[in-house]
Amino acid sequence: MKGLVKYDFGPGNAELRELPVPEPGAGEVRIKVLKAGICGSDMHVYHYDSQLSLKPPVVMGHEFVGRIDKLGAGVEGYELGQKVTSEIGVGVDQTCEHCQDGLTNMCVHRRSIGYVIDGCFAEYITVPARYLVPVAEGIDDLVGAMIEPLACCCRCCFDVTPMHAGDVVLVAGAGPMGLMNAQVAKANGATVVITDVATGAARLEMAKSLGIDYAVNVEEEDLHALIGKLTNGYGADAAIECSGTDAGLNTCLDEVRKDGYVTEFAIGAATAQVNMSNVIYREVQLRGSMSTNPHNWRQAVRLLDRGLVDLAPLATEFKLDDWQAAFDYFDTHEGYKIVFSISED
């Protein structure tokens with residue numbers, strides 16, 4: 001089978017290789033991968049510019065949808081041909097204090113597919129059956145490949161960032177994750193303001209087409225005046241930073257209310273120039289949002305099943321053979337969600 005392998009540490013060091021088809025062990029299933037999405041963290045693995053755990057050589061990729069191709073010994077409750085995706089932290093120990101508290105995303109021994117365990121940028125992948133997430137037949141494969149990032153947004157909007165119906169929530173950055181977080185926040189009852197710069201005009205138009213309440217070009221429009229009007233001058237109740245830039249984070253800190261909440265969602269630079277006076281004097285609560293926990297996958301599937309979010313317009317397809325062109329396109333920041341078409345359904 002073909003697989004895109006990060007074969008060594010350092011920038012680049014990735015290539016498409018012929019690999020043996022994996023065999024599922026006891027308690028595992030083999031999945032024929034149909035579609036697989038490129039995550040920003042995949043690009044950080046490729047460019048080798050973050051603190052993500054990595055153990056090359058490893059098949060990259062962790063966002064996918066596929067069909068069960070083979071059942072390992074002892075697997076029950078699943079059928080051949082069933083459409084599924086999978087949680088990515090398949091190497092958690094279930095015994096550390098974080099796991100016992102339900103925070104498997106914080107497991108001290110966490111090992112994730114695409115980083116330490118072979119991932120989904122390949123024709124087949126094996127995963128433990130206990131991490132499978134069933135996908136309804138009515139969900140398009142392109143959308144199915146985006147369930148993982150949607151689950152990450154559910155973690156951000158439902159668990160990490162306190163928000164209530166009627167709250168004003170600011171989302172900085174109208175890229176694919178900003179657009180997903182904005183939709184989840186709106187589904188959670190918030191009035192959502194999403195921002196970008198002038199070069200992101202097309203993304204702001206996409207936000208409008210997806211029903212986001214306000215889409216603001218911060219280089220040409222007065223964001224502060226809008227937030228003030230919507231909140232009687234108090235500031236946004238919460239803000240989610242999805243641009244990965246210092247400017248985006250500082251905008252969130254500037255525009256959130258006293259004792260408000262700012263969540264850093266994007267993986268930006270390891271260091272950031274931040275006005276900490278906003279955090280200290282206004283008691284703004286700043287935290288990060290990392291990956292998912294099991295219930296976030298159920299939340300994501302329910303949002304899709306009930307039509308509360310629309311991911312289909314975000315997808316741009318590439319063949320796995322064209323992975324370099326897809327990575328280069330990702331780096332232009334011109335598209336939304338890039339998805340590899342790997343196998344026919």
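For the single chain, residues carry numbers from 1 onward in sequence order.
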### Rounded distance [0.5 Å steps], CD in Glu63 versus CZ in Phe121
7.0 Å

## Note on the structure
Closest non-hydrogen atoms of Ile125 and Cys120, given as atom of the first, atom of the second and distance, are CD1-N, 3.9 Å

### Task
For the pair Arg130 and Glu87, find out whether any cationic side-chain nitrogen is under 4.0 Å from an anionic carboxylate oxygen.
no

### Query
Do we get Arg287 above Tyr261's six-membered ring, with its NZ or CZ under 6.0 Å from the centre and within 45° of the axis?
no

## Note on the structure
Taking every heavy atom of Cys96 against every heavy atom of Cys107, the minimum-distance pair comes out as SG-CA, 3.8 Å

### Message
Working note: Val279 + Leu253, criterion side-chain contact (heavy atoms from CB on, under 4.5 Å); need CA distance, chi angles, decisive distance, verdict.
### Response
CA-CA 7 Å; Val279 177; Leu253 292 170; 3.9 Å; yes

### Task
Applying side-chain hydrogen bond (donor to acceptor under 3.5 Å, both in side chains), name anything that partners Asp345, two or more places apart in sequence or on another chain.
Arg67

### Message
For residues 169-186, which residue pairs pass the salt bridge (charged side-chain N to carboxylate O under 4.0 Å, His left out) check, not counting sequence neighbours?
### Response
Lys186-Asp213

### Query
What class does the angle between the rings of Trp323 and Tyr46 fall in, given that below 30° is parallel, 30 to 60° is tilted and above 60° is perpendicular?
perpendicular

### Task
Measure the SG-CZ distance between Cys152 and Phe265 for me, rounded to the nearest 0.5 Å.
5.5 Å

#### Entry: Within 6.0 angstrom of Phe9 CZ, more than 12 heavy atoms from elsewhere
yes

### Query
For the side chain of Lys229 and the backbone of His224, is there at least one donor-acceptor N/O pair under 3.5 Å apart?
no

### Query
Under 3.5 Å, side chain of Asn188 to main-chain N/O of Val184, donor-acceptor pair present?
no

#### Entry: Single-linkage hydrophobic cluster, 4.5 Å side-chain cutoff, Val169 and Tyr234 together
no

### Path from Leu226 to Val168 over hydrophobic side-chain contacts below 4.5 Å
yes

### Query
Going by distance alone, is a donor N or O of one side chain under 3.5 Å from an acceptor N or O of the other, for Thr316 and Tyr329?
no

### Message
Do Met43 and Ile38 make a side-chain contact, defined as non-hydrogen atoms from C-beta onward lying under 4.5 Å apart?
### Response
yes

## Note on the structure
Residues Ala300 and Leu150: closest non-hydrogen pair is O-CD2, 3.6 Å

### Task
Could you give me the CA-CA distance, side-chain angles and deciding distance for Asp321 and Lys2, then say whether side-chain contact (heavy atoms from CB on, under 4.5 Å) is met?
CA-CA 9 Å; Asp321 285 342; Lys2 294 178 181 178; 2.9 Å; yes

### Task
In sequence, state the C-alpha distance, the side-chain angles, and the governing distance for Leu71 and Leu80, and then conclude on side-chain contact (heavy atoms from CB on, under 4.5 Å).
CA-CA 7 Å; Leu71 302 174; Leu80 294 178; 4.1 Å; yes

### Message
If we ignore hydrogens and angles and just use 3.5 Å, is the side chain of Asn296 paired with the main-chain N or O of Asn293 as donor and acceptor?
### Response
yes

### Query
Step by step, would you call Val65 with Ile139 a side-chain contact (heavy atoms from CB on, under 4.5 Å)?
CA-CA 10 Å; Val65 69; Ile139 293 179; over 6 Å; no

### Summary
Residue set satisfying side-chain hydrogen bond (donor to acceptor under 3.5 Å, both in side chains) with Asp310, at least two apart, ordered chain then number -> none

### Task
Considering non-hydrogen atoms only, spot the tightest contact between Ala136 and Asp305 and give its length.
CB-OD1, 4.1 Å

### Query
Is Val309 linked to Ile194 within one hydrophobic cluster, defined over Ile, Leu, Val, Met, Phe, Trp and Tyr using a side-chain heavy-atom separation of less than 4.5 Å?
yes

### Minimum heavy-atom distance Lys6-Pro11, with the two atoms named
NZ-C, 4.2 Å

#### Entry: Donor-acceptor pair, side chain of Glu255 and main chain of Thr251, under 3.5 angstrom
no

### Query
Can any side-chain N or O of Thr85 pair as donor or acceptor with the backbone N or O of Phe64 at less than 3.5 Å?
yes

### Query
Counting N and O atoms only, with roles assigned by atom type, does the side chain of Asp42 sit under 3.5 Å from a partner on the main chain of Cys39, one being a donor and the other an acceptor?
yes

### Message
Other residues, nucleotides and ligands only: do more than 12 of their heavy atoms fall within 6.0 Å of CD on Glu97?
### Response
no

### Query
With the 4.5 Å side-chain cut-off for hydrophobic clustering, are Val127 and Val58 part of the same group?
yes

### Message
Is any side-chain heavy atom of Lys35 closer than 4.5 Å to one of Ser341?
### Response
yes

### Message
Starting from Val33, can I reach Phe318 by hopping between I/L/V/M/F/W/Y residues whose side chains sit under 4.5 Å apart?
### Response
yes

### Query
Is a side-chain N or O of Arg203 found less than 3.5 angstrom from the main chain of Leu179, in a donor-acceptor match?
no

### Query
Could you state the interatomic distance from CG (Asn275) to CZ (Arg282), rounded to the nearest 0.5 Å?
9.5 Å

### Task
In plain terms, say whether Glu283 and Lys258 are close enough for a salt bridge, that is, a side-chain N and a carboxylate O under 4.0 Å apart.
no

### Message
Once rounded to the nearest 0.5 Å, what's the spacing between atom CE of Met177 and atom CG of Asn181?
### Response
6.0 Å

### Query
Counting only N and O atoms by type, is there a donor-acceptor contact under 3.5 Å from the side chain of Asp246 to the main-chain atoms of Gln273?
yes

### Query
Sub-3.5 Å donor-acceptor pair from the side chain of Thr195 to the main-chain atoms of Val216, do we have one?
no

### Query
Rounded to the nearest 0.5 Å, how far apart are CZ of Arg257 and CG of Leu170?
14.0 Å

### Spacing of OG1 belonging to Thr199 relative to NE2 belonging to His333, to within rounding of 0.5 Å
9.5 Å

### Query
Is there a donor-acceptor pair under 3.5 Å between the side chain of Asn278 and the backbone N or O of Asn250?
no

### Non-hydrogen atoms of Asp196 and Ala174 that approach each other most closely
OD2-N, 3.0 Å

### Query
So does Gln100 have more than 12 non-hydrogen atoms from other groups sitting under 6.0 Å from CD?
yes

### Tyr7 atom OH, over 12 foreign heavy atoms within 6.0 Å
yes

### Task
Consider only side-chain N and O atoms of Thr161 and Thr263, and report whether a donor and an acceptor are under 3.5 Å apart.
yes

### Query
Heavy-atom count around His164 NE2 within 6.0 Å, excluding the residue itself: above 12?
no

